[in-house]
Amino acid sequence: MAVLHLQAAAVAVLLMATGLRAQLRVGFYDSSCPAAEIIVQQEVSRAVAANPGLAAGLLRLHFHDCFVGGCDASVLIDSTKGNTAEKDAGPNLSLRGFEVVDRIKARVEQACFGVVSCADILAFAARDSVALAGGNAYQVPAGRRDGSVSRASDTSNLPPPTANVAQLTQIFGTKGLTQKEMVILSGAHTIGSSHCSSFSGRLSGSATTAGGQDPTMDPAYVAQLARQCPQGGDPLVPMDYVSPNAFDEGFYKGVMANRGLLSSDQALLSDKNTAVQVVTYANDPATFQADFAAAMVKMGSVGVLTGTSGKVRANCRVA
């Protein structure tokens, strides 16, 4: 019975998202704020030039926003005395790129006051980050409105780094995203870094019932990570050990070599269906890039507010 309820919920989300995608459109600001996407691209370019890691940071901001209450920029709202917001929840404490969004918002407000939503800024910034790192510069349908609710307690549905394929499939399914799209979007881990605390259990034995290191991880990689993650410290380690700042197929090649950093990454090789995709994308970069762009557009429509719903926040940090 529980499975049926989950399936019904997923179908409802998918139907709703399909309708909302129709309300979003490419070129939404062509008349009301023609400089909007140009401003976003300029500011993201400056930020990534100064710190290449911000490409992954801005991409992750969009993902974490969409997976908690929909793509409504609630992840940008600051906590107040009476409310702990999403950004201060455990899974979001390592998010970065907020200052870049602030700079973008300040400029678009000067150009077109009260027109461009924070949610659309996040979607544009994610696209530009992917392009600057070497990925496809896909078109982003816009017209999202901003939400007013941001609660740390709502972040429990973010995919944990220890999730297996079944759990990942279920979590993405509640957002109307397929297992194939889950594998595609996991490819975002081809850029960026992770704190040692997110995978240290795979090195010390707590990730296995028999003790010792995670048997699904290349022993040489375990030794390398052990040197990079000293006891008592929690530094950042590149997700893609070969090309951490290039948006390419390196993530999938790493998983094939048993060098997926997170348990949830390496798990993609444990299921026959997801493993086929991993092998396909590792050997066909063009297909990965095209599929990733399409999956990002679909994810960007999850739970959006459009039309007269929501608002356009003048300050992305304030509800």
Side-chain angles (χ1 to χ4, degrees), residues 3 6-18 20-21 56 59-71 75 91-92 123 126-127 130 135-136 138 155-192 194 198-199 216 239-240 247-256 258-285 287-304:
V3 173
L6 285 173
Q7 290 176 337
V11 170
V13 170
L14 179 59
L15 291 173
M16 183 173 64
T18 302
L20 291 171
R21 280 203 300 276
L59 178 56
R60 189 170 175 235
L61 266 183
H62 184 42
F63 179 91
H64 279 233
D65 180 45
C66 292
F67 262 67
V68 181
C71 310
V75 73
N92 287 340
R127 180 267 314 276
V130 169
N136 284 1
Y138 54 92
T155 61
S156 59
N157 58 351
L158 285 167
T162 56
N164 58 36
V165 170
Q167 292 168 330
L168 290 170
T169 301
Q170 189 274 328
I171 292 170
F172 277 71
T174 62
K175 306 301 176 186
L177 298 167
T178 66
Q179 184 182 75
K180 179 180 179 180
E181 288 160 340
M182 176 272 288
V183 179
I184 296 167
L185 292 170
S186 295
H189 288 173
T190 192
I191 56 174
S194 173
S198 294
F199 59 84
T216 66
M239 301 282 283
D240 177 349
F247 199 90
D248 56 19
E249 72 283 4
F251 166 78
Y252 299 103
K253 290 181 175 179
V255 171
M256 285 182 63
N258 292 324
R259 291 190 165 214
L261 187 62
L262 305 179
S263 179
S264 57
D265 293 336
Q266 195 59 49
L268 299 179
L269 207 61
S270 68
D271 177 273
K272 64 179 182 180
N273 294 319
T274 57
V276 167
Q277 270 189 268
V278 169
V279 174
T280 298
Y281 291 142
N283 292 287
D284 190 349
T287 297
F288 162 59
Q289 296 282 3
D291 287 355
F292 185 83
M296 283 294 290
V297 170
K298 184 175 176 182
M299 186 194 76
S301 71
V302 171
V304 295

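All heavy atoms count here, side chains included; hydrogens, waters and symmetry mates do not.
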If you apply the rule side chain to side chain contact (heavy atoms under 4.5 Å, CB included), what do you find for T216 with S270, and how did you get there? CA-CA 9 Å; T216 66; S270 68; over 6 Å; no

Distance, nearest 0.5 Å, that separates [atom1] of [X] from [atom2] of [Y]:
X    : Y    : atom1 : atom2 : result
Y281 : F251 : OH    : CZ    : 12.0 Å
L185 : F67  : CG    : CZ    : 7.0 Å
D291 : E181 : CG    : CD    : 9.0 Å
H189 : L262 : NE2   : CG    : 6.0 Å
K253 : D240 : NZ    : CG    : 10.0 Å

Donor-acceptor pair, side chain of [X] and main chain of [Y], under 3.5 angstrom:
X    : Y    : result
Q179 : T274 : no
K298 : G176 : yes
D284 : T280 : no
K175 : M299 : no
Q266 : G260 : yes
Q289 : F247 : yes

I want to check something: taking the side chain as every heavy atom from C-beta on, are [X] and [Y] in contact at a cut-off of under 4.5 Å?
X    : Y    : answer
T169 : D271 : no
Q277 : I184 : yes
N273 : V183 : no
V75  : V68  : no
I171 : P160 : yes
L177 : M182 : no

Parallel, tilted or perpendicular: which one describes the rings of Y252 and F288, with boundaries at 30° and 60°? perpendicular

Derivation and outcome, side chain to side chain contact (heavy atoms under 4.5 Å, CB included), residues N157 and T174: CA-CA 9 Å; N157 58 351; T174 62; 5.8 Å; no

Minimum heavy-atom separation for [X] to [Y], with atom names?
X    : Y    : result
P91  : L158 : CB-CD1, 3.8 Å
Y138 : R127 : O-NH1, 2.8 Å
M296 : A126 : CE-CB, 4.1 Å
H62  : C71  : CE1-SG, 4.3 Å
S194 : M239 : CB-SD, 3.4 Å
A275 : L269 : CB-O, 3.8 Å

Less than 3.5 Å apart, which donor and acceptor atoms pair up between the side chains of residues 161-168 and the rest of the protein, not counting sequence neighbours?
| residue | atom | partner | partner atom | Å |
| --- | --- | --- | --- | --- |
| N164 | OD1 | A166 | N | 3.2 |
| N164 | OD1 | Q167 | N | 2.8 |
| Q167 | OE1 | N164 | N | 2.9 |

